[in-house]
Undergrad: 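Input: one structure, supplied below.
These figures come from a predicted structure and were not determined experimentally.
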Amino acid sequence: MGAVENREPVNDQMRVRKDKIQDLRRLYNSAYANRYERTHNCLIAQALDDGHKPVVLAGRVISIRQFGKLIFGHLQDFHGKMQFAAQQSVLRDKFDPLKRLVDIGDYIGIEGEVFTTKKGEKSINVVKWKFLSKALRPLPEKFHGISDPELRLRRRYLDLVMTPDSMARFKKRSKIIRAIREYLNNNGFYEIDTPILTGKASGAMATPFVTHYNALDMNVYLRIAPETYLKRAIAGGFEKVYEFARSFRNEGVDSSHLPDFTLLEYYVAYWNYEDNMVFTERLIRHVLMEVFNDVRIKYGDTVINFETSWPRISFRDLLLQDTGVDVYECTTKEMVLEDMKKEGIDLSDEIDIEKASRATIMDQLYKKMSRPYLIDPVFVIHHPLDLSPLARRNDENPKVADRFQLVVNGWEIVNAYSELVDPVDQAERFRQQAQAKAEGEIEAMEGETDFVTCMEYGMPPMSGWGMGIDRLVALFTNASSLRDVVLFPLLRPE
RNA sequence: GCGCCAGUAACUCAGUCGGUAGAGUAUCGCCCUUUUAAGGCGAGGGUCGAUGGUUCGAGCCCAUCCUGGCGUACCA
């Protein structure tokens with residue numbers, strides 16, 4: 001619980017509003033109504049013809065203009081806003097309390113008839129009103145709204161009230177997630193839940209959050225990915241599962257990374273990564289049509305087109321084309337470094353070359369030299385095996401994995417592969433990761449004995465798929481930072 | 001981590017050369033029946049992010065710290 005000890009009014013405005021609560025109690029018993037029955041919302045009411053009645057609306061008062069015996073104001077609800085006009089000649093003794101006790105930020109209910117003002121705005125001529133809830137603090141200044149980026153995050157509720165674009169973006173987020181869930185459900189997927197608190201942080205290469213569980217006197221980790229548990233579910237007999245998995249990584253925060261983020265993963269028995277690419281295109285196009293009714297989106301000044309079938313290019317060809325380094329030829333870290341030197345590429349500012357493995361260096365090459373230039377959707381396929389410790393080896397080329405990443409606007413949106421289900425191979429890959437870690441590589445994946453045991457009991461061939469929901473939403477809603485698409489991102493305490 | 005910028009009333013912001021704190025919105029009082037950033041007259045409201053320093057005097061100059069934003073680096 002946070003500190004709620006000192007709730008004395010911070011200024012004269014709060015004192016005044018508290019005094020008004022006393023008046024409201026005397027008049028109506030309470031400044032906080034029990035419930036209120038509406039007939040319309042503001043969006044629907046806007047479309048009604050003049051003379052329509054009764055129209056009963058409820059919402060927050062976001063503006064008031066007083067003229068002695070006439071008051072204009074705007075009521076805002078989730079769907080829109082509506083002007084109301086309150087006249088003393090109509091409301092009689094109910095007029096003065098409205099004029100005197102209702103402040104901007106308060107919630108009221110109004111009942112009346114639709115009319116259009118002389119200036120042409122659809123409005124409600126109020127015949128009855130009810131006080132619903134008192135705001136003690138004034139809303140931010142009406143014209144500029146709330147512009148301090150810190151305040152927008154710390155008091156997101158004010159941002160939502162005052163910034164229609166912000167509210168619209170979060171509505172879009174909900175719709176995007178709903179469209180994805182519907183599509184998966186309609187294709188036979190089951191939504192399941194897997195542990196967030198785990199004994200081992202596996203399934204990705206990242207630093208976990210560690211905490212302590214007193215009852216078992218053991219350290220536990222917040223999951224960095226749901227992957228190995230979802231695969232256990234497939235081993236148990238599920239054939240199509242997914243989870244919107246809030247995941248946690250104890251790493252940096254910036255416009256494209258958050259300490260907790262939403263990772264959607266799904267797994268399908270008997271599919272391979274190629275089936276998965278086909279499904280991915282269908283899923284993304286479905287979401288775009290459902291939410292935006294268009295397969296093109298505008299991000300900044302760029303139009304990104306998801307329409308035509310997305311090209312597939314191998315990791316090796318991409319790197320060869322952009323850097324001249326051939327990852328098939330360079331089987332050791334030293335050979336990669338030598339080729340890089342030949343091509344005049346220096347990554348020493350980016351990574352610690354001494355400690356980095358061949359995999360890390362190739363990954364950096366890709367992230368620096370190739371990925372930023374992929375704008376329209378592209379499937380990057382066949383990543384080197386040592387970059388993919390949970391992915392199935394390609395049948396023709398044992399150096400690469402049956403894997404793809406969907407890259408859009410230089411961002412990795414989806415990462416998927418044919419899953420490794422061979423327990424002997426899996427144990428060996430974990431052993432290699434452990435060795436890399438022992439040699440100083442920080443970016444190595446944690447092995448899990450129980451997961452290998454599960455695999456030893458047998459797993460069907462399958463393909464798995466993961467997507468950063470926050471990034472997808474940012475991309476689809478033209479947001480430059482993930483914090484713009486997360487309602488309440490973690491901030492330092494004030 | 002590093003670099004740059006910012007923090008003044010509840011909100012948005014001014015504050016000149018270092019001379020004792022300003023506006024608009026919001027609030028309170030008065031006037032006002034067609035406004036929509038309504039208008040007019042009047043009033044109240046401040047630990048100038050914090051601490052220390054320089055100075056007769058600091059919102060302003062200096063140092064350190066706190067908080068945030070942006071850029072950059074790393075993980076999605």
Side-chain angles (χ1 to χ4, degrees), chain A residues 9-17 19-20 62-74 81-91 95 99-100 103-105 115-121 123 125 135-155 158 162 203-208 224-225 245 247-265 347-352 356 360 363-364 367-368 371 405-407 411-415 442-443 466-472 474 480-483 491-494:
Chain A
V10 295
N11 56 43
D12 59 328
Q13 292 181 59
M14 285 184 74
R15 257 186 297 279
V16 166
R17 285 169 180 238
D19 290 345
K20 287 179 180 177
I62 55 162
S63 66
I64 300 175
R65 295 168 294 283
Q66 297 196 5
F67 296 85
K69 298 186 179 66
L70 169 71
I71 298 169
F72 283 108
H74 277 94
K81 56 185 180 176
M82 185 80 187
Q83 179 167 262
F84 62 89
Q87 301 180 71
Q88 190 183 50
S89 57
V90 175
L91 288 167
F95 180 81
K99 180 180 177 181
R100 207 163 44 80
D103 292 307
I104 290 172
F115 78 109
T116 300
T117 62
K118 286 177 185 170
K119 295 283 167 66
E121 179 163 356
S123 307
N125 186 21
L136 290 182
R137 296 173 189 262
L139 289 179
E141 198 245 11
K142 59 188 167 193
F143 188 60
H144 297 92
I146 189 165
S147 65
D148 180 343
E150 182 185 355
L151 266 188
R152 289 180 64 165
L153 297 177
R154 287 199 189 276
R155 308 217 177 140
L158 291 180
M162 304 302 296
M205 303 185 194
T207 313
I224 55 175
S247 302
F248 307 84
R249 297 188 183 177
N250 202 344
E251 292 165 347
V253 194
D254 64 24
S255 58
S256 65
H257 296 86
L258 294 171
D260 64 320
F261 64 105
T262 305
L263 182 57
L264 168 65
E265 287 198 2
L347 289 178
S348 56
D349 286 349
E350 272 74 31
I351 44 171
D352 189 340
T360 304
D363 194 39
Q364 282 303 315
K367 284 174 179 169
K368 292 288 174 294
R371 197 175 67 184
Q405 287 186 325
L406 173 62
V407 178
W411 300 358
E412 179 193 320
I413 298 294
V414 169
N415 182 28
I442 313 154
E443 295 295 324
M467 180 167 82
I469 292 290
D470 311 286
R471 285 190 179 172
L472 184 82
S480 56
S481 167
L482 292 191
R483 296 220 272 206
L491 300 171
R492 280 195 173 83
E494 272 183 290

Undergrad: Grab the two heavy atoms, one from Pro138(A) and one from Gln13(A), that are nearest each other, plus how far apart they are.
TA: CG-OE1, 3.1 Å

Undergrad: Which value, in whole Å, describes the distance between the P atoms of nucleotides C60(B) and C48(B)?
TA: 10 Å

Undergrad: Return the set of residues passing side chain to side chain contact (heavy atoms under 4.5 Å, CB included) with Gln83(A) (not counting sequence neighbours), or none when no residue passes.
TA: Arg65(A), Phe72(A), His74(A), Thr117(A), Glu121(A), Ser123(A)

Undergrad: Expressed in whole Å, how much space separates the P atoms belonging to A23(B) and G45(B)?
TA: 13 Å

Undergrad: Using the C1' atoms only, state how far A14(B) lies from G71(B), rounded to an integer number of Å.
TA: 28 Å

Undergrad: Using the P atom in both, what is the distance from A26(B) to U12(B), to the nearest Å?
TA: 15 Å

Undergrad: Side chains of Met82(A) and Phe84(A): closer than 4.5 Å at any heavy-atom pair?
TA: no

Undergrad: Can you tell me the pairing partner of U47(B) across any strand shown, Watson-Crick or G-U wobble, with both distances under 3.5 angstrom?
TA: none

Undergrad: State, to 0.1 Å, how close Ile62(A) and Lys81(A) come at their nearest heavy-atom pair, and which atoms those are.
TA: CD1-CD, 3.8 Å

Undergrad: Looking only at heavy atoms, which two atoms of Arg17(A) and Ala135(A) are closest? And how far apart?
TA: NH1-O, 3.0 Å

Undergrad: Any strand counts, and the cut-off is 3.5 Å on both contacts for Watson-Crick or G-U wobble. Which nucleotide pairs with G68(B)?
TA: C5(B)

Undergrad: If you only use heavy atoms from C-beta on, which nucleotide in U12(B), U67(B), C74(B) is closest to the side chain of Arg154(A)?
TA: U67(B)

Undergrad: Report, as a single string ordered 5' to 3', how protein heavy atoms within less than 4.0 Å touch nucleotides 21-30 of chain B: B base, S sugar-phosphate only, - not at all.
TA: ---BBBSS--

Undergrad: Within the 4.0 Å heavy-atom criterion, would you say Gly466(A) contacts the bases, only the backbone, or no part of the nucleic acid?
TA: nothing

Undergrad: Output, in order, the C-alpha distance, side-chain angles, deciding distance and verdict of side chain to side chain contact (heavy atoms under 4.5 Å, CB included) for Leu158(A) and Arg137(A).
TA: CA-CA 11 Å; Leu158(A) 291 180; Arg137(A) 296 173 189 262; over 6 Å; no

Undergrad: Base, sugar-phosphate alone, or nothing: which one does Lys81(A) contact when heavy atoms must sit under 4.0 Å apart?
TA: nothing

Undergrad: Tell which nucleotide pairs with U34(B), taking only Watson-Crick or G-U wobble pairs whose two distances are both under 3.5 angstrom.
TA: none

Undergrad: Looking only at heavy atoms, what is the nearest atom pair of Phe115(A) and Ala85(A), with distance?
TA: CZ-CB, 3.7 Å

Undergrad: What is the separation between atom NZ on Lys368(A) and atom C1' on A73(B), rounded to the nearest whole Å?
TA: 7 Å

Undergrad: Could you pull out the closest heavy-atom pair between Asp470(A) and Thr262(A), with the gap in Å?
TA: OD2-N, 2.8 Å

Undergrad: Using atom types as modelled and distance alone, determine if a side-chain donor or acceptor of Ser247(A) lies under 3.5 Å from a backbone N or O of Ala245(A).
TA: yes

Undergrad: Tell me: CD of Glu251(A) to C1' of C74(B), nearest whole Å?
TA: 7 Å

Undergrad: How many angstroms lie between CD in Glu150(A) and CZ in Arg155(A), if you round to the nearest 0.5 Å?
TA: 9.5 Å

Undergrad: Pairs under 3.5 angstrom, nitrogen or oxygen only, protein versus nucleotides 1-4 of chain B, please.
TA:
none

Undergrad: Could you work out the separation of U20(B) and A58(B) based on their P atoms and round it to a whole Å?
TA: 12 Å

Undergrad: For atom C1', what is the distance between A43(B) and U67(B), given to the nearest Å?
TA: 35 Å

Undergrad: Please state how far atom CZ in Arg15(A) lies from atom P in A10(B), giving the value in whole angstrom units.
TA: 12 Å

Undergrad: Any side-chain N or O of Gln364(A) less than 4.0 Å from the OP1 or OP2 oxygen of A73(B)?
TA: no

Undergrad: Could you tell me which residues satisfy side chain to side chain contact (heavy atoms under 4.5 Å, CB included) with Asp19(A), sequence neighbours excluded, listed by chain and number?
TA: none

Undergrad: Can you measure Leu151(A) atom CG to A9(B) atom C1' for me and round it to whole angstrom units?
TA: 14 Å

Undergrad: Which comes earlier along RNA chain B counting from the 5' end, the contact point of Ser480(A) or that of Gln405(A), where each point is its nearest nucleotide?
TA: Ser480(A)

Undergrad: Any strand is fair game: report the nucleotide pairing with G29(B) by Watson-Crick or G-U wobble, both distances under 3.5 Å, or none.
TA: C41(B)

Undergrad: Figure out the CG/C1' separation between Asp148(A) and C5(B), and round it to whole Å.
TA: 14 Å

Undergrad: Considering every strand shown, what is the Watson-Crick or G-U wobble mate of G52(B) when both distances are under 3.5 Å?
TA: C62(B)

Undergrad: For atom C1', what is the distance between C30(B) and A6(B), given to the nearest Å?
TA: 41 Å

Undergrad: Please name the pair of heavy atoms, one in Leu136(A) and one in Met14(A), separated by the smallest distance, quoted to 0.1 Å.
TA: O-CG, 3.2 Å

Undergrad: Could I get the full list of side chain to side chain donor-acceptor pair (under 3.5 Å) partners for Lys99(A), not counting sequence neighbours?
TA: none

Undergrad: Both Ser147(A) and Phe248(A) contact RNA chain B. Taking the nearest nucleotide for each, which residue is further toward the 5' end?
TA: Ser147(A)

Undergrad: Can you tell me how far P of U36(B) sits from CD1 of Ile62(A), to the nearest Å?
TA: 15 Å

Undergrad: Categorize Leu153(A) for me: base, sugar-phosphate, or nothing, with a 4.0 angstrom heavy-atom threshold over every strand shown.
TA: sugar-phosphate

Undergrad: If you measure from the C1' atom in C61(B) to the same atom in U54(B), how many Å do you get, rounded?
TA: 8 Å

Undergrad: I'd like a table of atom pairs between the protein and nucleotides 31-34 of chain B - only N or O on both sides, under 3.5 Å - with the distance next to each one.
TA:
| from | atom 1 | to | atom 2 | distance (Å) |
| --- | --- | --- | --- | --- |
| C32(B) | N3 | Gly68(A) | N | 3.3 |
| U33(B) | OP2 | Phe67(A) | O | 2.9 |
| U33(B) | OP2 | Lys69(A) | N | 3.2 |
| U33(B) | O2 | Gln87(A) | OE1 | 3.3 |
| U33(B) | N3 | Gln87(A) | OE1 | 3.2 |
| U33(B) | O4 | Ser89(A) | OG | 2.8 |
| U34(B) | O2 | Lys118(A) | N | 3.3 |

Undergrad: Going from CD on Glu141(A) to CD1 on Ile146(A), what distance comes out if it is rounded to the nearest 0.5 angstrom?
TA: 11.5 Å

Undergrad: Check the distance between C66(B)'s C1' and Glu150(A)'s CD and give it to me in whole angstrom.
TA: 11 Å

Undergrad: Write down the distance between CD (Glu121(A)) and P (A37(B)), rounded to a whole number of angstrom.
TA: 10 Å

